[in-house]
*Asks:* 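This structure is in structure tokens; I'll ask about it shortly.
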Amino acid sequence: MPWRFDLPASLVVFLVAVPLCVGVAVASGVPAELGLVTGIVGGLVVGSLPGSSLQVSGPAAGLTVLVYEAVQEYGVGALGLLVLATGLLQLVMGALHLGRWFRAMSASVVHGMLAGIGLTLLFGQLYALADRKAPSTGPEKIAGLPALLRDALTGAAAPSAVALGAGTLLVLVFWTYLPAGVARAVPAPLAAVGLAAAVTAAADLPVARVRVAGLLGVVQMPDRDALGALASTAGLGTVVAFTLIASAETLFSAAAVDRMHHGPRTDYDRELTAQGVGNALCGLLGALPMTAVIVRSAANVQAGARTKASRVLHGFWLLLFTALLPGVLGLVPLTALAAVLVHAGAKLVPVRRIAGLCREHRGEAVVLAVTAVAIITTNLFEGVLTGIGLAVVKSAWQTSHLQIGVEELPAGEGGASVRGGPEDRGGQEGQGDQGGARPLRVRLSGNATFLRLPRLLDALERLPGDRPVELDWSGLRHLDHACTVALSTWAAQHRARSSAPLAVEPPLPTVV
């Protein structure tokens with residue numbers, strides 16, 4: 001039965017979602033509870049709507065910087081109105097069936113996105129594992145790792161937190177080596193966090209723990225004073241940015257999640273509509289904007305979820321523990337949650353696929369690597385756009401392959417000698433050349449585009465001017481305007497410079 005798989009998977013996603021919800025909210029400059037509200041809506045509301053079956057929604061990590069700037073500019077009270085407008089715009093996009101355009105996604109870009117997100121998560125959570133605050137940017141996180149390792153080994157970085165986090169990570173890594181019955185009955189993240197909480201309580205370890213207050217105190221409906229945020233060009237630009245980035249992150253994530261399981265595929269238009277409903281509701285509650293989150297979505301798939309019940313239940317656990325039992329969450333050490341996220345981030349890096357691409361498709365490996373590095377150094381949206389741009393350039397270059405063959409024909413053969421009149425053949429009837437020179441045939445095949453124009457012209461300009469030439473471009477699948485102009489110009493110049501005949505088959509199109 002699906003519940004056998006979906007129930008434990010929902011607990012795993014819940015454990016992954018808690019630090020993400022809290023961390024995104026804190027980084028956005030709003031109370032941590034607002035991130036949990038968005039996570040609850042993403043589970044209970046969006047999780048029950050059609051679109052994607054295994055993708056899980058929550059606070060948008062890719063919008064952290066924009067949300068922070070909006071809060072600083074307009075205040076927390078205006079955030080709800082901006083998010084509400086974002087949701088309504090997404091509903092319009094879904095009704096216009098714009099979601100399907102996001103299906104045009106290179107597999108290398110998708111796996112590069114997974115690798116970039118996984119490494120960013122891993123680098124950032126290593127600091128949380130040692131009870132340290134992570135730097136703000138990816139390069140700074142990487143640059144600070146040697147000092148973090150030194151402090152961890154010398155005991156300068158909260159030894160209790162480091163030991164507990166390392167122990168949790170070891171449980172996560174070696175849990176799969178236990179007997180199959182035990183490993184399947186209790187998911188590794190649930191067991192690891194449970195053991196960490198028990199050790200923390202028994203030994204009264206001095207480590208930071210999850211802190212959550214009530215939700216009702218932070219929920220607030222948009223008021224009239226917040227309307228000023230939409231009255232300016234900057235406010236409207238913020239809404240458009242929220243909409244585009246949130247929609248792109250969601251549907252890019254859907255493309256990645258669909259490649260991780262064999263269940264029903266995502267309906268992109270319905271998923272975009274579901275996100276619009278979720279963001280509209282988050283806006284009414286004054287919460288953070290939401291997207292589908294690849295980290296918790298990947299955790300959902302890896303935990304064995306089969307239906308959307310797992311993501312709905314994860315929202316129920318968030319609501320239950322944050323609204324009714326916040327004290328239970330207070331038993332969970334943050335370093336244990338950081339270890340769960342480090343493990344999840346490492347599993348997102350497709351090591352085997354990268355190795356295979358490096359052996360067989362180096363161009364695809366470059367696209368994957370550039371996408372991952374761009375995400376680490378900038379953000380998810382800009383990194384994915386960089387990857388897509390590189391993939392488009394690579395595809396354009398590969399599909400513009402042009403084969404140029406030059407062969408020497410026996411005397412008297414070739415269309416050039418036959419088509420030339422007696423004056424073109426130098427008065428030697430039947431020879432088809434000048435002074436016994438054999439004619440040349442130039443065959444073009446493939447795709448003649450402006451990208452290959454320098455190579456094409458170099459080959460044609462190297463042809464001798466005193467020999468008959470037959471240019472056969474019937475094998476071309478595509479001849480763009482730039483190459484048409486270049487061939488027509490070269491043919492005219494060749495005829496003007498040379499007394500030897502030139503035949504072009506089929507005739508070139510008329511250049512306008």
Side-chain angles (χ1 to χ4, degrees), residues 1-21 36 38-59 61 110-111 113-114 117-118 121 172 175-176 178 180-194 249-268 270-271 274-275 278 290-321 337 340-350:
M1 294 181 64
W3 286 96
R4 173 188 171 189
F5 303 96
D6 291 331
L7 182 59
S10 69
L11 292 173
V12 173
V13 179
F14 161 70
L15 291 173
V16 173
V18 170
L20 288 177
C21 291
L36 292 168
T38 299
I40 292 168
V41 173
L44 296 179
V45 178
V46 177
S48 62
L49 294 176
S52 175
S53 58
L54 299 182
Q55 187 166 247
V56 185
S57 299
V110 171
H111 290 291
M113 180 184 75
L114 292 175
I117 293 173
L121 184 63
L172 290 167
W175 189 258
T176 55
L178 296 177
V182 177
R184 291 178 182 176
V186 183
L190 183 59
V193 173
E249 283 197 25
T250 293
L251 300 179
F252 291 162
S253 173
V257 173
D258 280 350
R259 287 177 168 85
M260 300 175 68
H261 67 91
H262 302 289
R265 305 292 92 181
T266 298
D267 185 318
Y268 282 67
R270 288 188 174 184
E271 180 65 18
Q275 294 292 322
M290 77 163 57
T291 67
V293 183
I294 187 62
V295 176
R296 66 187 75 182
S297 300
N300 190 39
V301 174
Q302 293 164 358
R306 300 295 177 85
T307 70
K308 64 175 63 177
S310 61
R311 60 183 192 174
V312 175
L313 280 174
H314 117 275
F316 174 76
W317 302 133
L318 283 174
L319 177 62
L320 177 66
F321 281 90
L337 295 179
V340 171
L341 294 178
V342 167
H343 186 252
K347 292 176 71 175
L348 287 177
V349 182

*Asks:* Once side-chain contact (heavy atoms from CB on, under 4.5 Å) is applied, do any residues pair with Asp267, and if so which ones, sequence neighbours excluded?
*Replies:*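 If we apply the side-chain contact (heavy atoms from CB on, under 4.5 Å) test to Asp267, skipping adjacent residues, the hits are Asp269, Arg270.
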
*Asks:* Is the backbone of Gln55 close enough, under 3.5 Å, to the side chain of Arg311 for a donor and an acceptor to pair up by distance?
*Replies:*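 Yes, because the side chain of Arg311 sits within donor-acceptor range (under 3.5 Å) of the backbone of Gln55.
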
*Asks:* With respect to Asn300, which candidate in Ser10, Ser53, Ser310 satisfies the side chain to side chain donor-acceptor pair (under 3.5 Å) definition?
*Replies:*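 The residue from Ser10, Ser53, Ser310 that satisfies side chain to side chain donor-acceptor pair (under 3.5 Å) with Asn300 turns out to be Ser310.
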
*Asks:* Hey, could you give me the NE2/CG distance between His261 and Leu54, rounded to the nearest 0.5 Å?
*Replies:*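 Taking NE2 in His261 and CG in Leu54, the distance rounds to 4.5 Å.
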
*Asks:* Would you check if Val257 and Thr266 make a side-chain contact, meaning some heavy-atom pair closer than 4.5 Å?
*Replies:*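 In short, these two side chains do not touch, never coming nearer than 4.5 Å.
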
*Asks:* For a quick test of reading the model, state the closest non-hydrogen atom pair linking Pro59 to Thr38 and the distance between them.
*Replies:*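 Scanning both residues completely, I find the closest heavy atoms to be N-CG2, 3.6 Å.
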
*Asks:* Can you measure from CG (Asp258) to OH (Tyr268) and round to the nearest 0.5 angstrom?
*Replies:*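 Here the interatomic distance stands at 5.0 Å.
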
*Asks:* What heavy-atom pair brings Ser57 and Gln275 nearest, and what distance separates the two atoms?
*Replies:*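 Ser57 and Gln275 have their closest heavy atoms at OG-NE2, 2.8 Å.
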
*Asks:* Quick one: CG on Asp6 to OG1 on Thr307, what's the gap to the nearest 0.5 Å?
*Replies:*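 Between atom CG of Asp6 and atom OG1 of Thr307 there are 3.5 Å.
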
*Asks:* Are any of the side-chain heavy atoms of Val18 and Trp317 separated by less than 4.5 Å?
*Replies:*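 No; the side chains remain at least 4.5 Å from each other.
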
*Asks:* Strictly distance-based, threshold 3.5 Å: is any side-chain N or O of Thr250 a donor or acceptor partner for the main-chain N or O of Ala292?
*Replies:*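 Yes; judged by distance alone, with no hydrogens or angles, the pair exists.
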
*Asks:* Under the side chain to side chain contact (heavy atoms under 4.5 Å, CB included) criterion, do Glu271 and Ser253 qualify, and how do the steps go?
*Replies:* CA-CA 11 Å; Glu271 180 65 18; Ser253 173; over 6 Å; no

*Asks:* Can you tell me how far the NE2 atom of His314 sits from the CG atom of Leu44, to the nearest 0.5 Å?
*Replies:*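 So the NE2 of His314 and the CG of Leu44 are separated by 8.5 Å.
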
*Asks:* For Val41 versus Gly278, what's the shortest heavy-atom pair and its separation?
*Replies:*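 Looking at all heavy atoms of both residues, the closest pair is CG1-O, 3.8 Å.
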
*Asks:* Could you pull out the closest heavy-atom pair between Pro50 and Ala274, with the gap in Å?
*Replies:*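 Taking every non-hydrogen atom into account, O-CB, 3.9 Å.
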
*Asks:* Ignoring hydrogens, what is the shortest heavy-atom contact between Ile294 and Ala256? Give both atom names and the distance.
*Replies:*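 Shortest heavy-atom contact: CD1-CB, 3.9 Å.
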
*Asks:* Determine the minimum heavy-atom distance between Met260 and Ala298, stating which atoms define it.
*Replies:*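 Here Met260 and Ala298 meet closest at CE-CB, 3.6 Å.
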
*Asks:* Is there side-chain contact between Pro189 and Gln302, with at least one heavy-atom pair below 4.5 Å?
*Replies:*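 When only atoms from C-beta onward are counted, Gln302 and Pro189 do not touch, as no gap falls below 4.5 Å.
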
*Asks:* Using a 3.5 Å distance criterion without hydrogens, assess whether the side chain of Arg265 forms a donor-acceptor pair with backbone atoms of Gly263.
*Replies:*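 Indeed, once roles are kept as given, a pair shorter than 3.5 Å links the two residues.
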
*Asks:* What distance do Leu313 atom CG and Leu320 atom CG have between them, rounded to the nearest 0.5 Å?
*Replies:*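 With rounding to 0.5 Å, CG (Leu313) is 11.0 Å from CG (Leu320).
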
*Asks:* Is any side-chain heavy atom of Val293 closer than 4.5 Å to one of Val56?
*Replies:*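 A side-chain contact under 4.5 Å is absent here.
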
